Amino acid sequence: MLRFLIPLRPLSCFFLLVLLAIPAISAGEILTIDEDFSTTANRDQAMTSAAWDTTAMQVHLHSQVLFPRGTFNTNSAYWSARRGDHLFLADGVSGLRSINLSDPDSPVQSDIVACANQAKGVAISGDFAFVAAGGAGLQVINISNPLDMVDGGYFTNDGDLAYVGSVTISGDALYLAESGSGVAVFNIANPSLPVFVQHLATGSWAQDVFSTETHLFVLDGGMKIFDLTTPLAPSEVSFTPLSGSGLRVTSKADRAFVACSDGLWIYG
C-alpha cells in the first residue's frame with residue numbers, strides 16, 4: 001500500500017509550498033477596486049444607465065423619483081404630438097406651438113400658428129398636423145418646416161361639425177370627438193384637403209378618441225370600441241360602462257387605459 005503513496009509525496013509537497021506562498025487575508029478585510037471616472041471610455045454603454053460625472057470623477061445611480069429637468073411656459077396645454085426633434089403642442093387659445101427639443105432640458109419655441117378657437121388636440125400624419133380646434137372644427141397645418149409652419153385652413157363640413165375636442169388618425173382615416181354629435185370621420189388621403197365621410201353616433205357627448213391600426217376607442221357615456229377593418233366605416237364591437245366620467249383613453253397591447261373622473265381604470 002505504501003508503495004503507491006510514496007510516488008505522490010513530491011506532488012503533495014509542491015501543493016503545500018503553493019499554499020504557503022499565498023498571503024493570508026486577515027479576517028474582515030475588504031477587497032476594493034479603484035475605478036477611474038474621469039473618462040467614459042471604459043463605460044459599458046449597453047449595460048449601464050448610470051450618469052458618469054467626469055468633473056467630480058464619480059458615478060451617480062439614477063433615482064427612482066422623477067425630478068423636473070426643464071420647463072416651457074404655455075397658456076393651456078391640452079395635447080401634444082412629436083415628430084423628429086420637435087414637439088407640437090395644442091395650447092388652447094394660443095394655437096399650435098412647435099417646440100424644439102434638441103436639448104430636452106431647454107425646450108425652445110420654433111413657431112406658433114393661431115387658431116380661430118381653442119386648440120384642444122393634435123395628431124400628425126406625414127408633414128401635416130391636424131388640430132381639433134374646438135368650435136372652429138378641424139384645422140390643418142403644414143409642419144414640414146417647424147420653424148415656419150403654414151396654416152392650411154379649417155374644415156367643418158359646411159359648418160356641420162359640433163365642438164371638437166380630440167383627434168386621432170389611423171392610416172388615411174381621421175376621427176374627431178364631437179360634443180353632442182359623436183365622432184366625425186374624415187378621409188385624409190390628400191392631407192391638405194380632408195374630406196368628410198360620416199358621423200358615428202356614439203351617445204350624447206364624445207369626450208375623447210384614440211385609434212390603433214385595428215381599433216377605435218371612444219369615450220361617450222362609457223367606452224365604445226370600433227373595428228377598423230374598414231377605417232372609413234368603423235363598426236362597433238363592444239361597449240363598456242364606466243364608473244366615472246371618461247376623460248381620456250389610450251391603448252397598449254391588449255389593454256385600454258382610461259382616465260376617469262374617479263381615477264385611472266385599466267381594461268383588457
Side-chain angles (χ1 to χ4, degrees), residues 70-102 104 107-157 161-170 173-186 188 191-194 196 205-212 216-220 245-251 257-261:
T71 185
F72 182 88
N73 292 327
T74 66
N75 180 55
S76 298
Y78 285 101
W79 203 253
S80 65
R82 184 171 179 175
R83 179 179 181 270
D85 287 336
H86 277 78
L87 184 74
F88 297 88
L89 182 69
D91 193 24
V93 295
S94 296
L96 183 72
R97 300 179 188 268
S98 65
I99 301 172
N100 191 317
L101 297 180
S102 297
V108 177
Q109 180 169 297
S110 297
D111 195 16
I112 185 170
V113 171
C115 290
N117 202 276
Q118 290 199 70
K120 300 285 286 187
V122 59
I124 292 175
S125 180
D127 289 335
F128 292 85
F130 299 86
V131 181
L138 173 65
Q139 184 175 4
V140 179
I141 300 174
N142 188 315
I143 59 170
S144 56
N145 180 4
L147 300 176
D148 185 20
M149 300 186 292
V150 179
D151 186 359
Y154 298 88
F155 298 84
T156 65
N157 189 36
L161 292 187
Y163 189 95
V164 295
S166 178
V167 58
T168 187
I169 295 172
S170 182
L174 177 145
Y175 311 95
L176 289 171
E178 296 185 80
S179 62
S181 299
V183 173
V185 182
F186 279 80
I188 57 170
S192 62
L193 293 172
F196 176 80
W205 187 300
Q207 293 282 359
D208 193 31
V209 285
F210 178 82
S211 62
T212 65
L216 175 69
F217 299 79
V218 182
L219 296 183
D220 190 345
S245 298
L247 304 174
R248 290 292 184 183
V249 59
T250 188
S251 176
F257 302 85
V258 183
C260 294
S261 57

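Values reported hereafter were calculated over all heavy atoms of this structure, with side chains retained and with hydrogens, waters and symmetry mates removed. What you see is a predicted model, and the numbers here were worked out from it, not measured in a lab.
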- How many angstroms lie between atom CG of Leu147 and atom CG of Asn100, to the nearest 0.5 angstrom? 7.5 Å

- Query: What distance do Arg97 atom CZ and Asn75 atom CG have between them, rounded to the nearest 0.5 Å?
  - Reply: 7.0 Å

- Message: To the nearest 0.5 Å, what is the distance between CD1 on Ile143 and CZ on Phe130?
- Response: 9.0 Å

- Which heavy atom of Ala132 sits nearest a heavy atom of Leu176, and at what distance? CB-CD2, 4.3 Å

- Item | Heavy-atom check, side chain of Asn117 versus side chain of Tyr163, under 4.5 Å | yes

- Message: Go through it in stages, so that I can follow the logic: the residues are Ile188 and Val140, the test is side chain to side chain contact (heavy atoms under 4.5 Å, CB included), and I'd like the CA-CA distance, side-chain angles, deciding distance and then a yes or no.
- Response: CA-CA 10 Å; Ile188 57 170; Val140 179; over 6 Å; no

- First locate atom CG of Leu89, then atom CZ of Phe72, and finally report the distance between them rounded to the nearest 0.5 Å. 8.0 Å

- Item | Closest non-hydrogen atom pair, Gly182 against Ala206 | O-CB, 3.2 Å

- Minimum heavy-atom separation for Ala162 to Ser181, with atom names? CB-OG, 3.6 Å

- Message: Testing the basics here: between Ala184 and Glu178, what is the closest heavy-atom pair and its distance to 0.1 Å?
- Response: CB-OE2, 3.2 Å

- Query: Quick one: CZ on Phe155 to CG on Leu193, what's the gap to the nearest 0.5 Å?
  - Reply: 5.0 Å

- Keeping the roles fixed (side chain from Tyr154, backbone from Ala116), state whether a donor-acceptor pair exists under 3.5 Å. yes

- Note on the structure: Gly137 and Thr156 have their tightest heavy-atom pair at CA-CG2, 4.2 Å

- Task: Taking Thr168 for its side chain and Ser211 for its backbone only, find out whether a donor-acceptor pair lies under 3.5 Å.
- Result: yes

- Compare all side-chain heavy atoms of Ser192 with those of Asn142 and state whether any distance is below 4.5 angstrom. no

- Message: Tell me the closest heavy-atom pair linking Val167 and Gly121, and the distance in Å.
- Response: CG1-C, 3.8 Å

- Within a strict 4.5 Å, meaning less than it, do heavy atoms of the Phe88 and Pro146 side chains meet? yes

- Got His86 and Ser110 here, is their nearest side-chain heavy-atom distance under 4.5 Å? yes

- Task: Indicate yes or no: at least one non-hydrogen side-chain atom of Gln139 is less than 4.5 angstrom from one of Val113.
- Result: yes

- Message: Looking at Leu219, is its backbone amide N or carbonyl O close enough to the side chain of Asp208 to form a donor-acceptor pair, meaning the two atoms are under 3.5 Å apart?
- Response: no

- Query: Ignoring hydrogens and geometry, is there a side-chain-to-backbone donor-acceptor pair from Ser98 to Asp111 under 3.5 Å?
  - Reply: yes

- Task: Flag the pair Ser166 / Trp79 as yes when at least one side-chain heavy-atom distance between them is below 4.5 Å, and no otherwise.
- Result: no

- Query: With distance as the sole test, does Ser170 use its side chain to make a donor-acceptor pair with the main-chain N or O of Thr212 at under 3.5 Å?
  - Reply: yes

- Test applied, side chain to side chain contact (heavy atoms under 4.5 Å, CB included); reference residue, Val183; option that passes from Val209, Asp220, Val164: Val209

- Item | Minimum side-chain heavy-atom gap Pro107-Leu87 below 4.5 Å | no

- Query: In terms of ring plane angle, is the pair Phe217 and Phe210 parallel, tilted or perpendicular, where the classes change at 30° and 60°?
  - Reply: tilted

- Message: Contact between Asp127 and Arg83 at the side-chain level, heavy atoms closer than 4.5 Å - yes or no?
- Response: yes

- To the nearest 0.5 Å, how far apart are CD1 in Ile141 and CG in Leu96? 4.5 Å

